Structures are given as structure tokens and as C-alpha cells.
*Asks:* 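Would you mind keeping the following structure in view while I ask a few things?
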Amino acid sequence: MVVAPLDLLDLDTSLSDEERQIRGVVRQLIDERVRPHVADWYEQGRVPARELALEFGRLGLLGMHLTGYGCAGASAVAYGLACLELEAGDSGLRSLVSVQGSLAMYAIWRYGSEEQKQRWLPPMAAGEAIGCFGLTEPDHGSDPASMTTRARRDGTDWVLTGGKMWITNAPVADVAVIWARTDDGVRGFAVPMDTPGVTAREIRHKMSLRASSTGEIVLDDVRLPADAWLPEAIGLRAPLSCLTEARHGIVWGALGAARDCLDATLDYARGREQFGRPIAGFQLTQAKLADMAVELQKGFLLALHLSRLADAGRLRPEQVSVGKLNNVREALAIARQCRTILGANGISGEYPIMRHANNLESVLTYEGTSEIHQLVIGEKLTGLAAFA
Ligand SMILES: Cc1cc2nc3c(=O)[nH]c(=O)nc-3n(C[C@H](O)[C@H](O)[C@H](O)COP(=O)(O)OP(=O)(O)OC[C@H]3O[C@@H](n4cnc5c(N)ncnc54)[C@H](O)[C@@H]3O)c2cc1C
């Protein structure tokens with residue numbers, strides 16, 4: 001009898017019934033609603049984001065780890081498992097859900113006024129309103145402290161000027177959480193996308209995350225009322241705390257892409273014959289398969305540990321860096337190794353592997369590049385910051 005890679009260590013016994021049930025529901029949604037179409041969405045470079053957001057909202061996946069305002073209040077482990085299953089479909093879908101729940105909704109939930117929460121969170125939880133999170137700028141990615149987007153006071157109004165780049169969901173968003181420099185340091189603003197002076201342009205020609213909408217936002221003297229700023233978001237710590245939330249989902253999500261690659265590869269290797277026997281029966285192939293299964297299990301244990309810490313209220317940012325660095329790096333290594341086992345078929349869109357591998361290149365870069373996470377961990381180990 002053969003076992004699936006993630007069943008090797010009976011890891012399911014570490015999950016509660018509720019966690020397994022949520023995982024099953026998301027897996028079914030992906031199997032029925034995403035798998036039949038995702039290769040086409042990827043190839044065409046467009047995804048029915050609004051439709052999917054409504055479906056994800058109906059299942060309670062948007063802001064699912066937040067409480068109140070229509071959010072599900074699920075555990076960190078349940079949220080992680082949902083991210084894993086979403087990203088087994090495609091990293092672009094997990095990105096849609098992560099940006100909505102962990103970046104845009106979390107920023108409003110954690111730092112917004114009661115009026116902002118009432119206005120935005122219930123429709124965002126339902127998928128009726130889509131959010132995005134604008135931190136990165138064309139000239140400032142890893143170093144957001146150098147951002148040049150400015151917000152200045154004009155009477156009681158705020159006026160925002162600048163631009164944000166590589167913003168997931170921006171072209172389809174109803175609201176953007178925009179981070180800008182003020183005379184008083186970095187502050188966050190909830191900006192309705194139909195405000196005069198806001199434009200969002202789709203970034204074309206992406207070779208990765210093609211089943212995800214990514215945009216550039218231009219802010220041309222955007223006038224906002226006094227109550228548009230998130231009153232509790234003071235300094236760069238606020239957007240960085242949102243990134244910690246989203247990275248936590250990525251720790252799990254990357255495992256989903258890797259698992260899907262490995263599942264497809266095992267299936268392929270058992271059926272593909274060369275030299276008169278299945279390539280799965282060659283020792284060199286089995287060495288690859290075994291090493292990948294071991295890394296997948298280790299990544300799962302790491303993700304589970306981090307989420308249990310989060311559920312106990314004890315998860316620290318550098319611990320999330322350990323998870324993001326390891327699990328994305330290993331998922332990408334697994335995707336590339338799986339590609340070799342499929343030979344020429346490995347580069348075909350008929351199989352999910354090249355799509356996952358290409359997607360994981362973005363996942364390696366966004367939410368803090370691998371190098372930035374190494375520097376976060378390095379600083380903790382040495383007491384010396386080596387960022388600049
Ligand atoms: C598909 C996609 C979606 C995205 N979605 C969003 C989003 O929704 N919102 C948002 O705000 N941003 C988003 N981003 C942007 C992403 O967060 C940035 O790309 C990322 O932070 C890296 O910034 P950069 O691309 O400007 O690279 P840079 O910061 O220019 O880095 C380039 C290289 O230099 C290295 N480097 C930089 N500084 C150091 C250092 N001190 N020491 C050693 N090496 C260093 C980096 O690790 C990297 O290898 C997205 C990006 C992609 C690709």
C-alpha cells in the first residue's frame with residue numbers, strides 16, 4: 001500500500017476535527033471550482049477575482065482568523081490549512097485571500113476606527129468588497145522606511161501624493177490601505193479606490209502569479225476626509241505587523257504548492273515507463289521523492305508549531321521569518337525537482353508543476369525576500385542589524 005507524502009508521519013493526528021473539516025471544505029472547493037480552470041486562467045493572465053471572492057466569502061475564508069464584523073474567528077492552524085489548500089490550487093488564489101484577510105482587513109481590524117471597521121470589514125469578509133495593501137513603491141521595496149508617498153494635512157483633510165507598485169488585487173479593489181509618510185512619521189489610510197486622483201493599472205507580462213491581479217497605484221493629490229487615516233497605526237511597525245500576519249499564511253501556503261507538485265509527480269512517475277519500467281522504480285527517482293517528502297513533512301511540522309504558538313498568543317516576527325524562509329525555499333526546491341522527474345512534460349501547462357514553480361518565485365520575493373528574512377534571523381542570533 002502506498003501513502004501520500006503528508007501521511008507518512010500520521011500528521012493528521014495532530015489536527016483537531018474542526019481543523020480537518022475546514023481543510024476538507026477548502027480542498028473540495030479547490031477541486032471543484034479551481035482545478036478545472038486554473039491552467040487557463042494562468043495562461044490568459046486573468047482570474048475571476050470578484051466571483052471567487054464571493055465564494056471564498058461564503059465559506060468564511062476572508063479574514064477567517066479575525067473576530068467580529070462577520071469574520072469567522074478561526075484558529076491560526078485552521079487558517080493555515082485553508083492557505084495550504086488554496087495554494088495547492090494556485091499561489092495566486094492564496095494571494096487573493098492573504099491580501100484581503102491578513103493585510104487589508106487585518107490593518108483595518110487592528111488599527112482602524114470603529115466607523116472604518118463597520119464600513120469595510122463586513123463586506124470584505126463576505127467578499128463583496130475587495131481590499132489591497134499598498135506599501136511597496138517603484139523605488140522602495142525591501143526598505144519601506146524610505147517610502148516617498150506623502151500625506152499632508154490641508155485643513156482637516158489629508159492629501160496623498162505618490163505611487164505604489166506591485167500591489168496584489170489593486171486593479172480589482174474597492175479599498176486600498178495605503179502607507180504614506182506624514183510630518184509625524186508613517187501612517188496608514190483607508191482609501192476608497194473611486195476617490196478622484198486614484199488610478200490603478202494592471203501590471204502585464206508577468207511570468208509568475210498570472211492567476212492573480214497585480215497593479216500599480218498612482219495617487220495624484222488624492223483628497224481624503226480626516227477620518228480616512230487609521231488612528232491606531234503609528235509608525236512603520238504597523239504595516240510590518242500586517243506583514244507578519246500574511247507571512248504566517250505563506251508558511252502554510254507554500255506547502256500546498258509543493259504538495260500539489262509532489263502529488264502530480266508521484267502519479268506521473270508511477271505511470272511513465274523508460275527502459276521497460278516505471279521511472280518511479282529507479283533508485284535515483286526514489287531518492288528525489290524521499291527527500292522531497294521529508295522536506296514537506298518538516299515544513300508542515302514547522303508551520304504547525306508556529307501556528308500553535310500564534311494560537312497561544314506567543315508567536316514572534318523572527319519565528320515567522322524562520323517559517324517563511326524555510327518553507328518557501330523548500331517548496332521552490334521541490335517544484336524544481338519535480339519538474340526534472342516529469343522531463344519535457346514538466347514544462348507543459350498540462351501539469352501544474354511549472355505553474356507552481358513560477359508562482360513560488362514571486363512568493364520567495366514578496367512579504368520579505370529570503371535575504372531579508374535571513375537578516376531578521378541573523379540580527380536575532382548576533383544582536384547586530386546588517387540591513388544597511
Ligand atoms: C506578484 C507580486 C505581488 C506583490 N504584492 C504586493 C502587495 O500586495 N503589496 C505590497 O506592498 N507589495 C507587494 N509586492 C512587492 C514585494 O513585497 C516586493 O517586491 C519585495 O518587498 C521586494 O522588493 P523589491 O522587489 O523592490 O526588491 P528590492 O528591495 O530592490 O530587492 C532586490 C534584491 O536585493 C536584495 N536586498 C535588498 N536589500 C538588501 C539588504 N539589505 N541586504 C541584502 N540583500 C538585500 C533583495 O533580497 C533582493 O534579492 C508584490 C510583489 C510581487 C512580485
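FYI, side chains are in, hydrogens and waters are out, and symmetry mates aren't considered; it's all heavy atoms of this structure. Only a predicted model underlies this, so the values are computations on that prediction, with no experimental measurement involved. Just so you know, ligand 1 is whichever comes first in the structure, and atom 1 is the first atom listed for that ligand.
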*Asks:* With atoms numbered from 1 as shown, which atoms in ligand 1 lie under 4.0 angstrom from a non-hydrogen atom of L209?
*Replies:* 1 (C)
*Asks:* Would a 4.0 Å cut-off, counted as strictly less than, catch a protein heavy atom around atom 34 (O) of ligand 1?
*Replies:* no
*Asks:* Could you walk me through whether D10 and T13 pass the side-chain hydrogen bond (donor to acceptor under 3.5 Å, both in side chains) check?
*Replies:* CA-CA 6 Å; D10 291 338; T13 54; over 6 Å; no
*Asks:* Going by an N to O cut-off under 4.0 Å, is there a salt bridge joining E55 and R33?
*Replies:* yes
*Asks:* Any chance you could lay out the salt bridge (charged side-chain N to carboxylate O under 4.0 Å, His left out) test for R153 and D184, step after step, and finish with the verdict?
*Replies:* CA-CA 11 Å; R153 284 273 195 195; D184 218 10; over 6 Å; no
*Asks:* Please state which part of L135 comes within less than 4.0 Å of ligand 1, counting heavy atoms only: side chain, backbone, both or neither.
*Replies:* both
*Asks:* Any atoms of ligand 1 less than 4.0 Å from a non-hydrogen atom of F387? List them with their elements.
*Replies:* 40 (C), 41 (N)
*Asks:* Please report whether ligand 1 has a polar contact with T136, defined as an N or O pair separated by less than 3.5 Å (distance criterion only).
*Replies:* yes
*Asks:* I'd like to know if D183 and R150 make a salt bridge, using a cut-off of under 4.0 Å between side-chain N and carboxylate O.
*Replies:* yes
*Asks:* Taking 4.0 angstrom as the limit, do D227 and R119 come out as a salt bridge?
*Replies:* no
*Asks:* So, for atom 37 (C) of ligand 1, does the protein have a heavy atom nearer than 4.0 Å?
*Replies:* yes
*Asks:* Yes or no, since that's all I need: does a protein heavy atom fall within a distance strictly under 4.0 Å of atom 11 (O) of ligand 1?
*Replies:* yes
*Asks:* Out of all atoms in ligand 1, which are within 4.0 Å of some heavy atom of E367? Include the element for each.
*Replies:* 17 (O)
*Asks:* Before you tell me yes or no, could you show the steps for Y366 and T168 under side-chain hydrogen bond (donor to acceptor under 3.5 Å, both in side chains), namely the whole-Å CA-CA distance, both residues' side-chain angles and the distance that decides it to 0.1 Å?
*Replies:* CA-CA 10 Å; Y366 69 24; T168 302; over 6 Å; no
*Asks:* Taking D90 first and then R210, would you say they form a salt bridge - that is, a charged N and a carboxylate O separated by under 4.0 Å?
*Replies:* no
*Asks:* Short list, please: which atoms of ligand 1 are under 4.0 Å from a heavy atom of I167?
*Replies:* 7 (C), 8 (O), 9 (N), 10 (C), 11 (O)
*Asks:* Could you tell me whether atom 3 (C) of ligand 1 has at least one protein heavy atom nearer than 4.0 Å?
*Replies:* yes
*Asks:* Check whether the ring centres of F189 and W158 lie less than 6.0 Å apart, and answer yes or no.
*Replies:* yes
*Asks:* Backbone N or O of A254 within a donor-acceptor pair of the E330 side chain at under 3.5 Å?
*Replies:* no
*Asks:* With a 4.0 Å cut-off on N to O distance, would you call E295 and R329 a salt bridge?
*Replies:* no
*Asks:* Assert yes or no for the condition that the ring centre distance of W252 to F300 is strictly below 6.0 Å.
*Replies:* yes
*Asks:* Would you say S142 and ligand 1 have an N/O pair spaced under 3.5 Å apart?
*Replies:* yes
*Asks:* Under a 4.0 Å heavy-atom limit, does T369 contact ligand 1 with its side chain, its backbone, both, or neither?
*Replies:* side chain
*Asks:* Using a 4.0 Å heavy-atom cut-off, which part of N169 comes near ligand 1: side chain, backbone, both, or neither?
*Replies:* neither
*Asks:* Indicate, as side chain, backbone, both or neither, the part of K206 found under 4.0 angstrom from ligand 1 when only non-hydrogen atoms are considered.
*Replies:* neither
*Asks:* Looking at R259 and E85, is any side-chain nitrogen of the basic one under 4.0 Å from a carboxylate oxygen of the acidic one?
*Replies:* yes
*Asks:* Please state which protein non-hydrogen atom is closest to atom 25 (O) of ligand 1 and give its distance, to 0.1 Å?
*Replies:* T365 CG2, 4.4 Å
*Asks:* Does Y366, backbone or side chain, put an N or O under 3.5 Å from an N or O of ligand 1?
*Replies:* no
*Asks:* So is F133 polar-close to ligand 1, meaning N/O to N/O under 3.5 Å?
*Replies:* yes
*Asks:* Need the ligand 1 atom indices (1-based, order shown) with element for anything under 4.0 Å from a heavy-atom of L375.
*Replies:* 40 (C), 41 (N), 42 (N)
*Asks:* Report yes or no: does C132 have a heavy atom closer than 4.0 Å to ligand 1?
*Replies:* no
*Asks:* Taking N or O atoms only and a 3.5 Å limit, does T168 qualify as a polar contact for ligand 1?
*Replies:* yes
*Asks:* Find all atoms of ligand 1 within a distance of less than 4.0 Å from any non-hydrogen atom belonging to E371, and give their numbers and elements.
*Replies:* 44 (N), 46 (C), 47 (O), 49 (O)
